[in-house]
Structures are given as C-alpha cells and as structure tokens.
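Here the structure comes first, spelled out in structure tokens, and everything after it is commentary.
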Amino acid sequence: MRIFYGTESGNSEMVASDIADEYGLEAEDLTELDADVFEAGTLYLIVCATHGEGELPEGVDEFADALRDSSPDLTGVRYAMFGLGDSTYPDYSKGSEVLDALLAELGAERVGEYGRHDAAGGSDCSEVGLSWAEMVVEQHALVPVG
Ligand SMILES: Cc1cc2nc3c(=O)[nH]c(=O)nc-3n(C[C@H](O)[C@H](O)[C@H](O)COP(=O)(O)O)c2cc1C
C-alpha cells in the first residue's frame, strides 16, 4: 500500500501523513511522482484537495497531464480517494474528482467509499481521514498493513 497527497495549504499533507504514521508508511507528494508510479497489485490511498475553481492543487495538474500524455494501462491498480474541499465553493471537492476520473479512464479500479472532508463543516480533517482509511484498509488491503 502507498499513500499519495495533493495539497496547496497543507491539509491534505497532514491527513496523508497521519494515515501514513498509522500504517508505518511515508506519505508521498503527488507533485514529486512520475506518471509511471502505479503498479498493478498495489493499493493506493490518495488524499487530494481542490483549488482554483474546482481544480487540482498546483503541481498536481502537471502530474495529471503527464498521466494523460503517457496514458499507462492501469488495469489491476486499485486506489481509494479522499477529497478535501469546502462546500461554500460552487465546485465542491471537484479537484480530487479530476484525478479520480483520469485513473478510472486509464483502467484503475476505485475501491471503498469516496472519502470527503468539507472545510465548511467544522470537522477535523485528520480524524475524518483516519476513519476513512481504516475502513478502506480493513475492507480492501489484501495483506495486513503495519
Ligand atoms: C484559493 C482557494 C480556492 C479553493 N477552491 C475550492 C473549490 O473550488 N472547491 C472546493 O471544494 N474547495 C476549494 N477550496 C478549499 C480547499 O480545498 C480546502 O480548504 C482544503 O482543505 C485545502 O486543502 P489543502 O490544504 O490540502 O490544500 C479552495 C481554497 C482556496 C484557498
């Protein structure tokens, strides 16, 4: 299992790092990854914010472009998505959905519930993220983690 994050102001990194700590993993920044990072048989937890007007965080759009350009066959890749956003914006939580749609288009399979954190709701994003990850890992990690 690997855990990736896309952030601008740090919330997604914090959520991903807290999840990573829980499972003895390192949270990895999507802006530092190459488009060939996905491997069949690995479960990826992706924590990604929304910025601009329903867009991916800065730098993550470049990762998405690289994925689109190289168009790898992601059959056999499983991922779970946790989107951070703020429901006072018209395009609530749409940034993570851009990445989600792209991964699905390339053949990857989303597992578990689509996690969300709404900054307008007053809940703690790490707490919400940790319960989401627990559920995903319990139901979908093929080998025990941590
Ligand atoms: C300039 C700006 C634009 C934003 N645009 C959106 C948006 O279009 N849709 C949305 O759901 N949230 C939007 N947000 C809210 C962020 O997604 C939310 O604050 C999130 O927790 C930030 O995560 P991050 O710290 O990992 O970047 C925006 C925030 C900022 C500062």
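Whatever order the structure lists them in is the order used to number ligands and atoms, beginning at 1. These numbers were taken from a predicted model, which means no experiment stands behind them. Counting begins at 1 with the first residue of the sequence. Note that these values count all heavy atoms, side chains included, but never hydrogens, waters or copies made by symmetry.
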Kindly print each ligand 1 N/O atom paired with any protein N/O atom under 3.5 angstrom away, one pair per line, or none if nothing qualifies.
{"residue": "ligand 1", "atom": "5 (N)", "partner": "Gly52", "partner atom": "O", "Å": "3.0"}
{"residue": "ligand 1", "atom": "8 (O)", "partner": "Gly52", "partner atom": "O", "Å": "3.3"}
{"residue": "ligand 1", "atom": "8 (O)", "partner": "Gly54", "partner atom": "N", "Å": "2.9"}
{"residue": "ligand 1", "atom": "9 (N)", "partner": "Asp91", "partner atom": "O", "Å": "3.0"}
{"residue": "ligand 1", "atom": "11 (O)", "partner": "Asp86", "partner atom": "N", "Å": "3.0"}
{"residue": "ligand 1", "atom": "11 (O)", "partner": "Asp86", "partner atom": "O", "Å": "3.4"}
{"residue": "ligand 1", "atom": "11 (O)", "partner": "Ser93", "partner atom": "N", "Å": "2.7"}
{"residue": "ligand 1", "atom": "12 (N)", "partner": "Asp86", "partner atom": "N", "Å": "3.2"}
{"residue": "ligand 1", "atom": "14 (N)", "partner": "Thr50", "partner atom": "O", "Å": "3.3"}
{"residue": "ligand 1", "atom": "17 (O)", "partner": "Thr50", "partner atom": "N", "Å": "3.4"}
{"residue": "ligand 1", "atom": "17 (O)", "partner": "Thr50", "partner atom": "O", "Å": "2.6"}
{"residue": "ligand 1", "atom": "21 (O)", "partner": "Asn11", "partner atom": "ND2", "Å": "2.9"}
{"residue": "ligand 1", "atom": "25 (O)", "partner": "Ser9", "partner atom": "N", "Å": "3.3"}
{"residue": "ligand 1", "atom": "25 (O)", "partner": "Ser9", "partner atom": "OG", "Å": "2.6"}
{"residue": "ligand 1", "atom": "25 (O)", "partner": "Gly10", "partner atom": "N", "Å": "3.0"}
{"residue": "ligand 1", "atom": "25 (O)", "partner": "Asn11", "partner atom": "N", "Å": "2.7"}
{"residue": "ligand 1", "atom": "26 (O)", "partner": "Thr7", "partner atom": "OG1", "Å": "2.6"}
{"residue": "ligand 1", "atom": "26 (O)", "partner": "Asn11", "partner atom": "N", "Å": "3.3"}
{"residue": "ligand 1", "atom": "26 (O)", "partner": "Ser12", "partner atom": "N", "Å": "2.7"}
{"residue": "ligand 1", "atom": "26 (O)", "partner": "Ser12", "partner atom": "OG", "Å": "2.7"}
{"residue": "ligand 1", "atom": "27 (O)", "partner": "Thr7", "partner atom": "OG1", "Å": "3.4"}
{"residue": "ligand 1", "atom": "27 (O)", "partner": "Glu8", "partner atom": "N", "Å": "2.8"}
{"residue": "ligand 1", "atom": "27 (O)", "partner": "Ser9", "partner atom": "N", "Å": "3.0"}
{"residue": "ligand 1", "atom": "27 (O)", "partner": "Ser9", "partner atom": "OG", "Å": "3.3"}
{"residue": "ligand 1", "atom": "27 (O)", "partner": "His51", "partner atom": "NE2", "Å": "2.6"}

Just wondering, are more than 12 heavy atoms of other shown residues or ligands nearer than 6.0 Å to CD in Gln139? yes

Residue set satisfying side chain to side chain contact (heavy atoms under 4.5 Å, CB included) with Ser126, at least two apart, ordered chain then number -> Met14, Val15, Asp18, Asp124

Do you know which two heavy atoms are closest between Gly95 and Leu56, and how far apart they sit? O-CD2, 3.0 Å

Listed by chain and number, what are the salt bridge (Lys or Arg N to Asp or Glu O under 4.0 Å) partners of Asp65, not counting sequence neighbours? Arg68

Return each pair, listed once, that meets ring pair (Phe, Tyr, Trp, His ring centres under 6.0 Å) where at least one residue sits in residues 74-113; pairs must be two or more places apart or across chains. Phe82-Trp132

Arg116 and Ser96 have their tightest heavy-atom pair at NH1-OG, 4.3 Å

